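Notes for the one structure printed next.
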Amino acid sequence: MIPVSIQTIANFAAGTLRGDGARLVTQVSTDSRKTVAGEVFVALVGDKFDAHAFIPQVAAAGAAAVVVSKVSADWGTLPCAVIEVGDTLLALQRMARGYRQHHAPLIIGLTGSNGKTSTKDLAAVVMARKMQTRATLGNLNNHIGVPLTLLSLGEGDACCVTEMGMNHPGEIKVLTDIAQPDAAIVTNVGMAHIEHMGTQDAIAWEKGTLPAQVKRGGVVVLNANDKFSGLIARHCQGSVTTAGVGCGDVMATDLRADATGTTFTLDFSGEKVEARLPILGEHMVGNAALAACMGWRQGISPANIAEALNEARLTGGRVEPKLVDGVRFIDDSYNANPDSMIAGLRTLGTLGGKQSRRVAVLGRMGELGTIAQSEHRRVGEYAGSINLDAVFSVGGEEAALLSQSAAHAGRTLETAHFPDHATCAARLRGWLREGDVVLLKGSRSARMEQVLTHFSAS
């Protein structure tokens with residue numbers, strides 16, 4: 001954060017300040033366990049916690065100010081300023097909006113059903129070719145994470161690629177009201193969160209809220225390969241450009257995948273450059289095209305964009321190769337839905353040598369509602385129909401449908417279901433051999449990375 005006074009923070013929060021308002025602060029936090037001297041601490045209240053209980057400890061640790069919705073006599077006289085507000089979450093969001101206006105960086109909002117975090121990482125490395133760029137840390141993409149991302153922007157940060165997630169109607173509008181994006185990328189409209197959204201059309205409407213909030217003169221980048229992009233474009237005030245694989249204003253063609261990434265041609269409406277993405281999975285090329293398109297629209301040359309993509313790295317847990325005792329694991333455990341699961345399986349089918357066995361180790365996919373069983377069966381059938389040697393599943397009944405459906409898909413392959421990560425890892429330890437390739441994938445709640453943890457420790 002660029003240094004601002006506590007009084008300015010109180011004004012952003014629409015709060016009442018008690019104490020020294022002239023002191024400058026450079027950090028806002030909501031985690032009492034990580035308090036640093038001189039920060040502003042916001043006491044959030046959740047269903048199972050109330051951070052007001054930690055105000056004395058936070059103050060004693062050196063916080064310059066605390067933002068609270070209630071004051072307790074038990075606190076005594078605090079050695080810091082107090083900003084009293086009606087609702088601390090709303091105050092955090094107001095602080096972020098006020099600071100965003102005060103700082104005035106270029107805000108690129110990004111949403112979509114698949115590939116948000118990967119595309120965010122790629123867009124940030126491309127935009128860094130022109131200006132100092134910050135991006136959402138990890139996937140802090142909700143009503144708390146987006147404000148904290150904006151409040152973290154420091155001296156010299158001229159651009160922020162801000163990931164925006166959702167799983168209920170109306171959530172994207174809350175985030176756009178806070179971030180006020182100057183530009184937007186929508187990666188795609190898939191089936192993720194359909195449990196809460198009801199239909200794919202409803203998901204498209206929610207995702208389309210972000211580009212619709214970009215004002216006239218702003219830039220919107222949509223996926224040329226997604227059937228909902230035309231509908232979303234009709235509701236945009238900003239200038240719409242499309243990007244994709246084999247089609248779009250910016251398109252990737254002539255894809256050549258190998259063991260460490262994909263080489264391809266990027267065509268910027270007639271200007272072509274050779275590019276390489278050192279990340280596994282041809283589906284990642286589509287994400288790279290979206291990032292490249294945004295950079296191009298922001299004035300970055302195609303040659304600079306290609307150089308940036310060649311240096312790209314992703315947030316952990318996303319198609320991350322890890323070699324353990326000669327076995328090549330592809331850790332794509334961070335999250336999953338049917339579309340991303342199939343993309344990961346397709347990538348797995350292209351990896352390894354002639355003697356390699358290709359093994360999918362899969363966990364459940366969350367938030368699918370009434371279509372959960374049918375989608376797990378569909379993904380399992382797909383896994384059993386492609387060039388794999390084994391499909392293993394871990395967890396409960398939904399996960400079991402993946403391996404069971406793979407077994408009935410018509411090809412001869414090894415299948416099994418395991419009740420937990422440790423049991424699966426033990427089976428893998430005794431069954432895998434040097435040169436094999438293993439994909440780990442499932443929703444965040446499935447914690448599929450623990451299979452690798454147990455495997456490495458055994």
Side-chain angles (χ1 to χ4, degrees), residues 1-103 136-155 160 162 164-168 170-171 173-180:
M1 175 183 272
I2 295 173
V4 295
S5 69
I6 292 174
Q7 181 63 68
T8 300
I9 291 290
N11 293 343
F12 289 160
T16 301
L17 172 64
R18 295 182 177 85
D20 180 11
R23 182 175 178 180
L24 297 180
V25 292
T26 59
Q27 185 168 327
V28 174
S29 171
T30 61
D31 190 340
S32 62
R33 300 164 298 180
K34 300 178 181 178
T35 302
V36 298
E39 76 172 20
V40 176
F41 175 75
V42 182
L44 297 180
V45 179
D47 294 335
K48 298 180 180 179
F49 71 92
D50 185 345
H52 289 81
F54 304 106
I55 291 298
Q57 295 96 307
V58 167
V66 293
V67 180
V68 300
S69 59
K70 54 191 174 185
V71 176
S72 172
D74 295 339
W75 299 346
T77 301
L78 295 174
C80 64
V82 176
I83 301 172
E84 193 168 356
V85 299
D87 182 306
T88 52
L89 174 59
L90 183 58
L92 175 68
Q93 295 171 345
R94 286 172 171 166
M95 288 160 57
R97 178 185 171 103
Y99 180 69
R100 181 259 183 273
Q101 294 171 334
H102 176 76
H103 189 339
T136 302
L137 289 175
N139 76 326
L140 293 175
N141 62 13
N142 63 7
H143 59 299
I144 296 172
V146 167
L148 290 174
T149 294
L150 296 174
L151 288 163
S152 74
L153 296 176
E155 202 76 51
C160 183
T162 309
M164 299 182 182
M166 49 70 71
N167 54 24
H168 290 85
E171 291 179 338
K173 182 61 164 61
V174 171
L175 302 182
T176 58
D177 285 347
I178 297 167
Q180 300 177 311

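Just so you know, these numbers come straight off a predicted model, no measurement behind them. Basis for what follows: all heavy atoms, side chains included, without hydrogens, waters or symmetry-related copies.
- Separation of atoms CD (Q57) and OG1 (T35) is listed at 9.0 Å; rounding is to 0.5 Å.
- A96 meets the side chain to side chain contact (heavy atoms under 4.5 Å, CB included) test with P147, L150, L151, I178; sequence neighbours excluded.
- Here the closest heavy-atom approach between residue H52 and residue A43 is recorded as CE1-O, 3.4 Å.
- Closest approach of G154 and I2 over heavy atoms only: C-CG1, 3.8 Å.
- The only member of L140, T162, T136 that meets side chain to side chain contact (heavy atoms under 4.5 Å, CB included) when paired with V146 is T162.
- With sequence neighbours left out, the salt bridge (Lys or Arg N to Asp or Glu O under 4.0 Å) criterion links D177 to K173.
- Residues forming a ring-ring contact (aromatic ring centres under 6.0 Å, His included) with H143 (at least two apart in sequence, or on another chain): none.
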Working for side-chain contact (heavy atoms from CB on, under 4.5 Å), residues T149 and C160
CA-CA 9 Å; T149 294; C160 183; 3.7 Å; yes
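- In this structure, the separation between CD1 on I9 and NE2 on H102 is 9.0 Å, given to the nearest 0.5 Å.
- For E39, there are no salt bridge (Lys or Arg N to Asp or Glu O under 4.0 Å) partners two or more places apart in sequence or in a different chain.
- Looking only at side-chain heavy atoms (C-beta outward), P3 and T26 come within less than 4.5 Å of each other.
- Legend: residues meeting side chain to side chain contact (heavy atoms under 4.5 Å, CB included) with N141, ordered by chain and number and at least two apart, are K116, N139, E163.
- Applying the side-chain hydrogen bond (donor to acceptor under 3.5 Å, both in side chains) test to E155 and every residue at least two apart in sequence or in another chain returns nothing.
- Here the closest non-hydrogen pair linking R94 and A14 is NH1-CB, 3.7 Å.
- Annotation: salt bridge (charged side-chain N to carboxylate O under 4.0 Å, His left out) contacts involving residues 55-83, sequence neighbours excluded, comprise D50-K70.
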What's the verdict on side-chain contact (heavy atoms from CB on, under 4.5 Å) for V40 and M1, showing C-alpha distance, side-chain angles and the deciding distance?
CA-CA 11 Å; V40 176; M1 175 183 272; over 6 Å; no
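- A search for side chain to side chain contact (heavy atoms under 4.5 Å, CB included) contacts involving P56 returns W75, not counting sequence neighbours.
- Pairing each heavy atom of A10 with each of L17, the nearest pair is CB-CB, 4.0 Å.
- Every residue two or more places apart in sequence or in another chain that forms a salt bridge (Lys or Arg N to Asp or Glu O under 4.0 Å) with R18 is listed here: E84.
- Once rounded to the nearest 0.5 Å, the distance linking CG of N11 with OG of S5 reads 7.0 Å.
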Evaluation steps, side-chain contact (heavy atoms from CB on, under 4.5 Å), between I83 and V66
CA-CA 6 Å; I83 301 172; V66 293; over 6 Å; no
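- None of Q101, M95, Q93 except one satisfies the side chain to side chain contact (heavy atoms under 4.5 Å, CB included) rule with R97; the exception is Q101.
- With sequence neighbours left out, the salt bridge (Lys or Arg N to Asp or Glu O under 4.0 Å) criterion links D20 to no other residue.
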side-chain contact (heavy atoms from CB on, under 4.5 Å) between L92 and V28: does it pass, once the steps are laid out?
CA-CA 9 Å; L92 175 68; V28 174; 4.2 Å; yes
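- Across every non-hydrogen atom of L175 and M164, the tightest pair is CD1-CB, 3.7 Å.
- In terms of heavy atoms, V67 sits closest to T88 at O-CG2, 3.7 Å.
- Note that OG of S32 and CD1 of I55 are 8.5 Å apart. Values are rounded to the nearest 0.5 Å.
- Applying the ring-ring contact (aromatic ring centres under 6.0 Å, His included) rule to Y99 yields the partners H103; only residues at least two apart in sequence or on another chain are considered.
- A59 is linked by a side chain to side chain contact (heavy atoms under 4.5 Å, CB included) to L78, P79, C80, counting only residues two or more places apart in sequence or in another chain.
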